[in-house]
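The basis for the numbers below is simple: all heavy atoms, side chains too, and nothing from hydrogens, waters or symmetry mates. Every chain is numbered from 1 and lettered A, B, ... according to where its sequence line falls, protein lines coming before strand lines.
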Protein chains: 2
Amino acid sequence: MKLSKSEEQLMQYIWENGQAFMNELLEMYPDPKPASTTVATLLKRMTDKGYIGYKQLGRSRRYYPLVKKSDYFSRHINNLIQKYFDNSPANFASFFTTETDLTEEQLKELQQIVEQELKRRHQ
Amino acid sequence: MKLSKSEEQLMQYIWENGQAFMNELLEMYPDPKPASTTVATLLKRMTDKGYIGYKQLGRSRRYYPLVKKSDYFSRHINNLIQKYFDNSPANFASFFTTETDLTEEQLKELQQIVEQELKRRHQ
DNA sequence: TTTTATATTCTACATTTGTAGAAAATGATC
DNA sequence: GATCATTTTCTACAAATGTAGAATATAAAA
């Protein structure tokens, strides 16, 4: 079962930290912060959905991700590519390169990355 | 206001065609097709949200997109980058390059694209 | 050990979404 | 003009979502 929008948002915070207590997570929200029970509800739902686990420590729980961000994202992006680019990563790349606001710096970086990857495959 | 999942799906069909009548859209669904009223509901909601318009022709309407796919997608992808890659397209690119199933062919294509874009910026 | 602070769960409720039947509208056909 | 076919709108409803108060549990502090 998928994470909802706001669960995903919270998940980000957990990924960022690797682990976190509820109150720490609450901290991370920009003002106006949600009610703590709201976060608690989300945490419970996310636990039920199997995206996070926790270790009970004293009176509270330290939550941690059960799903790697890269895995979650990977599913996500492949969906996206499928949906918007007729399942062609190349189409996507093309779009990506021209339509996002990459600086020249970043383009060069990307060039490096591609080269690297090509090299990697040849050894 | 954003399109929901199933509205987005329908939007794809409309983008693909440039324009379409309700019954044509219904056709495009794989079996089991939804009830025609379901599609009709979606079309109405999408119209209300301002994503599509229509031209009345005889007893029915020819719907067409009011939002370009590339624009819609652009917003989408920039969101994604922001959410998952700390607002760094380069991070994203890196991930993209290594984690999607690009063939060597496609990687080279991407290389071309980047090069092209760099060149373009220098003239 | 009583009180307090806070985390967790329960309950609640409005909104959005997916889905579609019932009803209405209206052009097409006989 | 009456009937038919089909589109569109209305109405409906269950499920998911965003949000949070009330109630409960329990560790920490006094």
Side-chain angles (χ1 to χ4, degrees), chain A residues 1-14 17 19-67 72 75-76 79-80 83, chain B residues 1-14 17 19-67 72 75-76 79-80 83:
Chain A
M1 199 178 188
K2 235 189 88 57
L3 290 176
S4 78
K5 211 86 192 168
S6 62
E7 287 162 356
E8 220 174 79
Q9 153 87 84
L10 183 49
M11 196 69 188
Q12 291 290 344
Y13 295 148
I14 298 172
N17 276 51
Q19 51 179 46
F21 292 96
M22 198 257 263
N23 73 89
E24 294 174 325
L25 291 168
L26 192 52
E27 287 298 300
M28 303 184 79
Y29 279 88
D31 294 311
K33 302 192 194 308
S36 65
T37 51
T38 298
V39 176
T41 300
L42 294 178
L43 287 171
K44 182 156 184 28
R45 288 181 184 167
M46 289 158 78
T47 305
D48 292 346
K49 289 182 180 177
Y51 281 90
I52 57 177
Y54 58 81
K55 179 165 172 49
Q56 191 79 41
L57 287 179
R59 72 166 165 252
S60 45
R61 302 168 176 179
R62 194 177 56 204
Y63 295 92
Y64 56 85
L66 291 178
V67 177
Y72 185 81
R75 241 180 305 152
H76 225 271
N79 258 347
L80 209 75
K83 264 199 318 194
Chain B
M1 197 178 190
K2 234 189 88 60
L3 290 176
S4 77
K5 212 86 191 168
S6 63
E7 287 163 355
E8 220 174 78
Q9 154 87 84
L10 183 50
M11 196 69 188
Q12 291 289 345
Y13 295 149
I14 297 172
N17 277 51
Q19 52 180 46
F21 292 95
M22 198 257 263
N23 72 89
E24 294 174 326
L25 291 169
L26 191 53
E27 287 297 300
M28 303 184 80
Y29 280 87
D31 294 311
K33 302 191 194 311
S36 65
T37 51
T38 298
V39 176
T41 300
L42 294 178
L43 287 172
K44 182 157 184 29
R45 288 181 184 167
M46 289 159 78
T47 305
D48 292 346
K49 289 182 180 177
Y51 281 90
I52 57 177
Y54 58 81
K55 180 166 171 48
Q56 191 79 41
L57 287 178
R59 73 166 163 253
S60 46
R61 302 170 177 178
R62 194 176 58 204
Y63 296 92
Y64 55 85
L66 292 178
V67 177
Y72 184 80
R75 241 180 306 154
H76 224 271
N79 259 345
L80 209 76
K83 265 199 317 193

Assign each of A/K5 and B/L43 to its nearest nucleotide of DNA chain D by heavy atoms, then name whichever residue's nucleotide is nearer the 5' end. B/L43
With heavy-atom distances below 4.5 Å as the criterion, would you say the side chains of B/M22 and B/V39 are in contact? yes
Using a cut-off of strictly less than 4.0 Å between a heavy atom of the residue and any atom of DNA chain C, enumerate the qualifying residues of residues 46-66 of chain B by number. B/K49, B/G58, B/R59
Atom CG of A/L42 and atom P of D/dT19 are separated, to the nearest Å, by 8 Å
What's the CG-C1' distance between A/L3 and D/dA16, to the nearest Å? 13 Å
Taking any heavy-atom pair under 4.0 Å as a contact, classify A/T38: base, sugar-phosphate, or nothing. base
Please report, to 0.1 Å, the donor-acceptor pairs under 3.5 Å made by any side chain of residues 53-61 of chain B, with sequence neighbours excluded.
from  : atom 1 : to    : atom 2 : distance (Å)
B/Q56 : OE1    : B/R61 : NE     : 3.3

Whether B/N23 contacts D/dT6 is assessed here as follows: a side-chain N or O lying under 4.0 Å from the phosphate OP1 or OP2. Is that the case? no
For atom CD of A/Q9 and atom P of D/dT17, their distance in whole Å: 16 Å
Distance-only, no hydrogens or angles: does the A/T47 side chain make a donor-acceptor pair with backbone N or O of A/L43 under 3.5 Å? yes
Can you check the B/E27 CD to D/dT7 C1' distance for me, whole Å? 15 Å
d(NZ, B/K33; C1', C/dA20) in whole Å: 17 Å
Can you measure B/K2 atom NZ to C/dT16 atom C1' for me and round it to whole angstrom units? 13 Å
Output every pair passing salt bridge (charged side-chain N to carboxylate O under 4.0 Å, His left out) with a member in residues 29-38 of chain A, not counting sequence neighbours, ordered by first then second residue. A/D31-A/K33
In whole Å, what is the span from the CG atom of A/L25 to the C1' atom of C/dT6? 15 Å
Locate the shortest heavy-atom distance separating A/L10 from A/M46; write the atom from each residue and the value. CD2-SD, 3.8 Å
Please give, in whole Å, the distance from C/dT16 C1' to B/R45 CZ? 8 Å
With a non-hydrogen cut-off below 4.0 angstrom, is B/A35 in contact with a base, only sugar-phosphate, or nothing? sugar-phosphate
A/E7 with A/K2: basic N within carboxylate O range, under 4.0 Å: no
Need one value for B/S36: base, sugar-phosphate or nothing, where a base atom within 4.0 Å counts as base even if backbone is also close, heavy atoms only. nothing
NA contact type, A/S4, heavy-atom cut-off 4.0 Å: base, sugar-phosphate, or nothing? sugar-phosphate
May I ask you to decide if B/F21's main-chain N or O and B/E24's side chain share a donor-acceptor pair within less than 3.5 Å? yes
Residue whose closest nucleotide on DNA chain D lies nearer the 5' end, A/T41 versus A/M1: A/M1
Please work out if B/S6 contacts a base, only the sugar-phosphate, or nothing of the nucleic acid, heavy-atom cut-off 4.0 Å. sugar-phosphate
